[in-house]
Amino acid sequence: MSQDSGRQADSVSRRKYLLTSAAVGAVGLAGCSGNGGDGDDGGSEESGNTMSSGSSGPSTVTAEGSSTVYPISNKGSSYWNSNSPASDGEYWGSNDESSVAGWDQIETDMNIADYFASLYGFEPSGERSNPPFATRVALSHSGTGCEAVRDGLVDIGNSSGPITAELDISEDERDENYVDHVVGRDGQPVFVSQAIYDAGVEQLTGDQIRGIYQGDITNWSEVGGPDQEIYVVGRAEGSGTDTSFRLNMLGDADAPMDVDTRLGQNQQVQQVLQDNDNAIGYMALAFSGSGIQAIAIDFEGTVYRPDPDAENTIFDSEYPLNRDLHMYTRIDEETPEGTDKREAAFLNMFLTEFGQKTFVEDVNYITLPTSDIEAEREKLPDQA
């Protein structure tokens, strides 16, 4: 893809209004205006306060994409839009009963969105449920999210797979056109139905899983389980979870697979594994639940277990299915740095001790080490 390919007509920009509907009942998205200028005609390019045409404030930050990244992004959006005061103590701030994690690193009297937005020069509202600008997150797929940010339909494309694989572009093309904001990690587990786990399939080798997904192993009895056909569940093509699984497990993002069904969302895979007594599937760590079990996997003699206290665990960065969770922004003529100050204010919220605990760890994902958080902050524009 060249720097200009994938862009729509000049009249379309990720700063202009556009309505789109996302899958699985997600809300419609309001895009953003492309008009910059001084305070008299809609916003300051220098401060990043991009405004919608005819509005009195910065335009909504919109995001779409991966169902894996969705729990992080959507929870962050909910907190942002609530703009809870510092006296809350449960969601933001501190009081006599409770204090949010990481509060000792912040300690402000501002509301949550007011605080993070003010770091980038936005005027605080001082009102609950009235942030300096709103955020909206829609649920679809990684491929869809990457296409949406490429085409200027949203500000942020959420993806659990690398955009190079999702859009079939080179690393050079990625670096010329996008900024990759990593907000957390997923120790992508492989799950089996509870009945299969109870029958003794608590661990498989990497070769056995590859054999199942390439059609060479078709009965659970071949891997120490009951004499029962294996119901093989895959994610939809275009899903970052599918892209990452094929890349990390099968060696190629386009590797052929032999599956009985493909499903678009992590939630759907979870439901199918709960409803069947002979299934295997892969999905994000955040979607662990009753009626299914994550199995241990032996990769060339090292057994990675779905237990954070194990010697080798799927939470380790060395786990072969471990993957980054991405929020991509687009480099264009209006935003040559690739991330405007609205987007930066929102993204920065995730890159704090508070954000990593609340939006990453608390939804069962893996937090970034301090060195990685610092590296991610370096990708953001300078604060006000």
J.: Run the side-chain hydrogen bond (donor to acceptor under 3.5 Å, both in side chains) test on Glu166 and Thr243 for me, step by step, so that the C-alpha distance in whole Å, both residues' side-chain angles and the decisive distance to 0.1 Å come before the verdict.
T.: CA-CA 7 Å; Glu166 298 300 333; Thr243 299; 2.9 Å; yes
J.: Under 3.5 Å, side chain of Ser98 to main-chain N/O of Gly89, donor-acceptor pair present?
T.: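 Checking the backbone N and O of Gly89 against the side chain of Ser98, a donor-acceptor pair under 3.5 Å is found.
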J.: Between Asp155 and Arg342, does any NZ, NE, NH1 or NH2 come within less than 4.0 Å of an OD or OE carboxylate oxygen?
T.: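 So Arg342 pairs with Asp155 through a salt bridge.
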J.: Are the side chains of Leu347 and Thr329 in contact, using a 4.5 Å heavy-atom criterion?
T.: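 Side-chain contact under 4.5 Å: yes.
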J.: Taking the side chain as every heavy atom from C-beta outward, state whether Asp114 and Ser125 have any pair of such atoms under 4.5 Å apart.
T.: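 Yes, close enough: below the 4.5 Å cut-off.
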J.: Begin from the C-alpha positions of Val259 and Val233 and carry the test side-chain contact (heavy atoms from CB on, under 4.5 Å) through to its verdict.
T.: CA-CA 6 Å; Val259 299; Val233 182; over 6 Å; no
J.: Would a distance-only check, ignoring hydrogens and angles, find a side-chain to backbone donor-acceptor pair under 3.5 Å from Ser193 to Asn276?
T.: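 Confirmed, Ser193 side chain pairs with Asn276 backbone.
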J.: What residues form a side-chain contact (heavy atoms from CB on, under 4.5 Å) with Ala296, not counting sequence neighbours?
T.: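 Applying side-chain contact (heavy atoms from CB on, under 4.5 Å) to Ala296 gives Gln203, Val303, Arg305, Pro306.
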J.: List the atom of Thr339, the atom of Pro381, and the distance in Å for their closest heavy-atom pair.
T.: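 For Thr339 versus Pro381, the nearest heavy atoms are O-CG, 3.6 Å.
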J.: Would you indicate whether the side-chain heavy atoms of Leu368 and Gln356 approach each other to under 4.5 Å?
T.: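 They are in contact (side-chain heavy atoms under 4.5 Å apart), so the answer is yes.
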J.: Between the side chains of His141 and Ser67, is a donor N or O closer than 3.5 angstrom to an acceptor N or O?
T.: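 No, no side-chain donor-acceptor pair sits under 3.5 Å.
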J.: Kindly indicate whether the side chain of Tyr213, heavy atoms from C-beta on, has any atom under 4.5 Å from the side chain of Asp258.
T.: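 Sidechains of Asp258 and Tyr213: no contact.
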J.: Could you tell me whether a side-chain N or O of Arg377 sits under 3.5 Å from a main-chain N or O of Asn348, the two making a donor and an acceptor?
T.: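 No; zero donor-acceptor contacts below 3.5 Å.
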J.: Quick one: does Asp252's side chain get under 4.5 Å of Arg246's, heavy atoms only?
T.: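 No - every pair of side-chain heavy atoms lies 4.5 Å or more apart.
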J.: If you measure from CZ on Phe191 to CE on Met283, what distance do you get to the nearest 0.5 Å?
T.: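 Taking CZ in Phe191 and CE in Met283, the distance rounds to 4.0 Å.
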J.: Which atom names give the shortest non-hydrogen contact between Ala345 and Ala117, and what distance separates them?
T.: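 Where Ala345 meets Ala117 most closely, the heavy atoms are CB-CA, 3.9 Å.
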J.: In plain terms, say whether Glu376 and Lys379 are close enough for a salt bridge, that is, a side-chain N and a carboxylate O under 4.0 Å apart.
T.: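 Salt bridge flag = yes for Lys379 with Glu376.
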J.: For the CD1 atom of Ile280 and the CD1 atom of Ile209, what is their distance to the nearest 0.5 Å?
T.: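 The distance works out to 5.5 Å.
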J.: Hey, is Lys357 close enough to Asp362 for a salt bridge, meaning N to O under 4.0 Å?
T.: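 Yes, this pair counts.
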J.: What heavy-atom pair brings Ile169 and Ile163 nearest, and what distance separates the two atoms?
T.: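 Looking at all heavy atoms of both residues, the closest pair is CG1-O, 3.9 Å.
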J.: Between atom CD of Glu202 and atom CD1 of Ile196, what is the distance when rounded to the nearest 0.5 Å?
T.: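 It is 12.0 Å, given to the nearest 0.5 Å.
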J.: Consider salt bridge (Lys or Arg N to Asp or Glu O under 4.0 Å). Of Arg235, Arg262, Arg323, which one does Asp242 pass it with?
T.: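 It is Arg262; the other options fail the test.
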J.: Using distance alone, with no hydrogens and no angle criterion, decide if Ser82 and Ser84 have a side-chain donor and acceptor under 3.5 Å apart.
T.: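 The answer is yes; a qualifying pair exists.
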J.: Going hydrophobic residue to hydrophobic residue with side-chain gaps under 4.5 angstrom, can you get from Val182 over to Leu247?
T.: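 No; tracing contacts between hydrophobic side chains, which count when under 4.5 Å, never links both residues.
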J.: Report yes if the side chains of Cys146 and Ser159 come closer than 4.5 Å at any heavy-atom pair, otherwise no.
T.: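 Of all side-chain heavy-atom pairs linking Ser159 with Cys146, at least one is under 4.5 Å.
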J.: Can you confirm if the aromatic rings of Phe354 and Phe359 lie within a centre distance of less than 6.0 Å?
T.: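 They qualify: ring centres under 6.0 Å apart.
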J.: Does Ala134 offer a backbone N or O that forms a donor-acceptor pair with the side chain of Asn81 under 3.5 Å?
T.: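 Side chain of Asn81 to backbone of Ala134: no pair is present.
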J.: Check whether Glu107 reaches the backbone of Asp104 with its side chain - one donor and one acceptor, N or O, closer than 3.5 Å.
T.: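 Checking the backbone N and O of Asp104 against the side chain of Glu107, no donor-acceptor pair under 3.5 Å is found.
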J.: So does Asp316 get a backbone contact from the side chain of Thr313, meaning a donor-acceptor N/O pair under 3.5 Å?
T.: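 Side chain of Thr313 to backbone of Asp316: no pair is present.
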J.: Go through the steps to decide whether Ile297 and Leu321 satisfy the test side-chain contact (heavy atoms from CB on, under 4.5 Å), and finish with yes or no.
T.: CA-CA 10 Å; Ile297 305 177; Leu321 297 185; 4.3 Å; yes
J.: Is a salt bridge present between Arg210 and Asp216, judged by a nitrogen-to-oxygen distance below 4.0 Å?
T.: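 So Arg210 does not pair with Asp216 through a salt bridge.
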J.: For Asp227 and Asn219, test the side chains for any donor-to-acceptor distance below 3.5 angstrom and give the result as yes or no.
T.: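 Note: Asp227 and Asn219 side chains meet the donor-acceptor criterion.
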J.: If you look at every heavy atom in Leu250 and Met257, which pair is closest and at what distance?
T.: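 Here Leu250 and Met257 meet closest at CD1-CG, 3.5 Å.
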J.: Would one find more than 12 heavy atoms of other residues, nucleotides or ligands at under 6.0 Å from atom CD of Glu361?
T.: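 Check passes, neighbour count above 12.
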J.: Counting distance only, does the side-chain N/O of Asn278 pair as donor-acceptor with the main-chain N or O of Glu229 below 3.5 Å?
T.: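 Answer holds: yes.
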J.: Rounded to the nearest 0.5 Å, what separates atom CZ in Phe315 from atom CG in Asn322?
T.: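 Taking CZ in Phe315 and CG in Asn322, the distance rounds to 10.5 Å.
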J.: Verify the cluster assignment for Phe116 and Trp103: are they in a single hydrophobic cluster under the rule of side-chain heavy atoms below 4.5 Å apart?
T.: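 Linked, Phe116 and Trp103 end up in one cluster.
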J.: Can you tell me how the ring of Phe133 sits relative to the ring of Trp80, calling it parallel under 30°, perpendicular over 60° and tilted otherwise?
T.: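 Correct class here is tilted.
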J.: Calculate, to the nearest 0.5 Å, the distance between atoms OG and CG belonging to Ser87 and Asn111 respectively.
T.: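 Answer rounded to 0.5 Å: 8.0 Å.
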J.: State, with a plain yes or no, whether a side-chain heavy atom of Thr302 is found less than 4.5 Å away from one of Asp298.
T.: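 The answer is no; the side chains never approach within 4.5 Å.
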J.: Could you go step by step and tell me if Asn74 and Ile72 meet the side-chain contact (heavy atoms from CB on, under 4.5 Å) rule?
T.: CA-CA 6 Å; Asn74 187 58; Ile72 297 174; over 6 Å; no
J.: Out of curiosity, Tyr197 OH to Ile292 CD1, how far, rounded to the nearest 0.5 Å?
T.: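 Here the interatomic distance stands at 12.0 Å.
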J.: Show, in sequence, the C-alpha distance, side-chain angles and deciding distance for Thr241 and Thr68, and conclude whether the side-chain hydrogen bond (donor to acceptor under 3.5 Å, both in side chains) test is met.
T.: CA-CA 7 Å; Thr241 300; Thr68 299; 2.9 Å; yes
J.: Does CG belonging to Asp275 count more than 12 external heavy atoms closer than 6.0 Å?
T.: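 Buried by this count: over 12 neighbours within 6.0 Å.
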J.: Less than 4.5 Å apart, any side-chain heavy atom of Val100 and any of Glu90?
T.: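 A side-chain contact under 4.5 Å is absent here.
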J.: List the steps and the verdict of side-chain hydrogen bond (donor to acceptor under 3.5 Å, both in side chains) for Asp88 and Asn95.
T.: CA-CA 7 Å; Asp88 191 302; Asn95 57 32; 5.5 Å; no
J.: Please check: side-chain N/O of Ser142 versus main-chain N/O of Gly240, any donor-acceptor pairing under 3.5 Å?
T.: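 Judged by distance alone, yes, a pair lies under 3.5 Å.
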J.: Determine, stepwise, if the pair Glu173 / Ser170 fulfils side-chain hydrogen bond (donor to acceptor under 3.5 Å, both in side chains).
T.: CA-CA 5 Å; Glu173 289 172 310; Ser170 69; 3.3 Å; yes
J.: Would you call the rings of Phe350 and Phe346 parallel, tilted or perpendicular if under 30° counts as parallel and over 60° as perpendicular?
T.: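 Perpendicular, since the angle between the ring planes exceeds 60°.
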J.: Please say whether more than 12 non-hydrogen atoms of neighbouring residues, nucleotides or ligands are located less than 6.0 Å from CD in Gln105.
T.: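 Yes - once you tally the heavy atoms of other residues, nucleotides and ligands closer than 6.0 Å, there are more than 12.
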J.: Check whether Gln271 reaches the backbone of Gln267 with its side chain - one donor and one acceptor, N or O, closer than 3.5 Å.
T.: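 It does not hold such a pair.
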J.: Search all heavy atoms of Ser73 against all heavy atoms of Val137 and return the closest pair with its distance.
T.: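 Here Ser73 and Val137 meet closest at OG-CG2, 3.3 Å.
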J.: Hydrogens and angles aside, do Gln270 and Asn266 bring a side-chain donor and acceptor to less than 3.5 Å of each other?
T.: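 Note: Gln270 and Asn266 side chains miss the donor-acceptor criterion.
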J.: Begin with the C-alpha distance, continue with both residues' side-chain angles, and end with the deciding distance and a verdict on side-chain contact (heavy atoms from CB on, under 4.5 Å) for Ile156 and Val61.
T.: CA-CA 8 Å; Ile156 297 171; Val61 168; 3.9 Å; yes
